Enquirer: 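Before anything else, here's the structure in question.
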Amino acid sequence: MIITIDGPAGAGKTTVAKGLAKKLGISYLDTGATYRAVTLAAIQAGIDLEDEKALAELAERIDLRLDYSHGDMQVILDGSDVSEQIRTSEVSEKSHYIARCPKVRDILVNLQRKIAKHLLQSTGGVVAEGRDQGTVVFPDADLKFYLDASCKVRANRRYKEMLSRGQQADYQQVLQAIRSRDERDRSREVAPLTKPPDAIEIDTTNMTADEVIEKLYQYARAVG
Ligand code: DC
């Protein structure tokens, strides 16, 4: 079973995808992590983020893996675990350069499909979350969700998440960053964030993560 969850930054996709996958006894795939890993690699290599050719070459060259052997999904870039490093605000702010590059997207979409195939074989199902999972990567998914929430609630969630990671954060700046990421995600030419026409839309503004997980779980049970 393939379940997709798309939606804007801070809608709760990662927490919900993880929780739903756990409840169903299947795997989860955070595809934003793959864009973040390429962003980190580009920053480390000192590549001009406007240079799409250099970014595509980099995406071809790097060895990017997702490791599930310790339970949680870990992101391994050229042999090093970068799961924490890809969560900095610098990477969050710069990832849109990578996300708008068509060749990089092709490479990452292929990687995501390959990983999902592997996860399907090993655990029988995958909950894939991102911006284009139901529209581009898995258009034939068994079940599609689109999570959304008000801008302020999403900013507040990101703000708390950053504090819990021990990062410095300013709520107003986080809110501003969420607004510009929304604008960029929705207006880019390739694979912009849109609700798949066949997705179930859930407004999580006034819901806890557990309530959202339970709701999605009920839909998933009904599908099989
Ligand atoms: O969900 P996130 O914040 O970890 O996403 C990181 C970046 O990758 C963000 O710029 C949106 C982009 N992204 C994307 O374009 N397509 C996806 N399927 C997932 C993320």
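Just so we're clear, the structure is a prediction, and the values are computed from it rather than from any experiment. Counting convention: from 1, in listed order, for ligands and their atoms alike. When a residue number appears, it is its place in the shown sequence, counting from 1.
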Enquirer: Mind checking whether Arg188 contacts ligand 1 via backbone (N, CA, C, O), side chain (CB onward), both or neither, at a 4.0 Å heavy-atom cut-off?
Expert: side chain

Enquirer: Do other residues, nucleotides or ligands put more than 12 heavy atoms under 6.0 Å from Arg65 CZ?
Expert: no

Enquirer: In ligand 1, which numbered atoms sit nearer than 4.0 Å to a non-hydrogen atom of Arg36?
Expert: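 So the answer, numbered in order with elements, is 2 (P), 3 (O), 4 (O), 6 (C).
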
Enquirer: Among protein heavy atoms, which sits nearest to atom 8 (O) of ligand 1, and what does the distance come to when rounded to 0.1 Å?
Expert: Tyr35 CB, 3.3 Å

Enquirer: Taking distance alone, with no angle check, do Thr31 and ligand 1 share an N/O pair under 3.5 Å?
Expert: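 Between Thr31 and ligand 1 (N or O atoms, distance only) the closest approach is under 3.5 Å.
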
Enquirer: For atom 20 (C) of ligand 1, which of Ala33, Gly32, Gly10 has the closest heavy atom?
Expert: Gly32

Enquirer: Can you list the residues that meet the side chain to side chain contact (heavy atoms under 4.5 Å, CB included) rule with Asp48, with sequence neighbours excluded?
Expert: Glu50, Asp51

Enquirer: Please name the pair of heavy atoms, one in Arg157 and one in Gly12, separated by the smallest distance, quoted to 0.1 Å.
Expert: NH1-N, 4.1 Å

Enquirer: What atoms of ligand 1 come closer than 4.0 angstrom to any heavy atom of Ala99?
Expert: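 The atoms of ligand 1 under 4.0 Å from a heavy atom of Ala99 are 12 (C), 15 (O).
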
Enquirer: Can you tell me how far OH of Tyr171 sits from NZ of Lys152, rounded to the nearest 0.5 angstrom?
Expert: 6.0 Å

Enquirer: Just need the protein heavy atom nearest to atom 18 (N) of ligand 1, so name the residue and atom and give the distance.
Expert: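 Closest protein heavy atom to atom 18 (N) of ligand 1: Asp132 OD1, 2.8 Å.
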
Enquirer: List ligand 1 atoms under 4.0 Å from Arg181, heavy atoms only on the residue side.
Expert: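 Close to Arg181: 2 (P), 3 (O), 5 (O), 6 (C), 9 (C).
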
Enquirer: List the atom of Tyr28, the atom of Ala17, and the distance in Å for their closest heavy-atom pair.
Expert: CB-O, 3.8 Å

Enquirer: How about NZ on Lys23, more than 12 heavy atoms from neighbouring residues, nucleotides or ligands closer than 6.0 Å, or not?
Expert: yes

Enquirer: Tell me whether Arg105 reaches ligand 1 (any heavy atom closer than 4.0 angstrom to a ligand atom).
Expert: yes

Enquirer: Which atoms form the tightest heavy-atom contact between Thr123 and Ser27, and what is the distance?
Expert: OG1-OG, 2.7 Å

Enquirer: Where is the tightest heavy-atom contact between Asp182 and Cys151, given as atom of each residue plus distance?
Expert: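 Looks like OD2-SG, 4.0 Å.
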
Enquirer: Closest non-hydrogen protein atom to atom 10 (O) of ligand 1, residue and atom name please, with distance?
Expert: Ser95 OG, 2.9 Å

Enquirer: Relative to the heavy atoms of Gln133, which atoms of ligand 1 are at a distance of less than 4.0 Å?
Expert: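 Matching atoms, with element in brackets: 18 (N).
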
Enquirer: With atom 14 (C) of ligand 1 as the reference point, say which of Gln112, Arg131, Arg184, Arg158 has the nearest heavy atom.
Expert: Arg131

Enquirer: Number the atoms of ligand 1 from 1 as they appear, then name those within less than 4.0 Å of a heavy atom of Asp185, with their elements.
Expert: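 Listed by number with element, the hits are 11 (C).
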
Enquirer: For Met162 and Val174, which heavy atoms make the closest approach, and how far apart are they?
Expert: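 That would be SD-CG2, 4.0 Å.
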
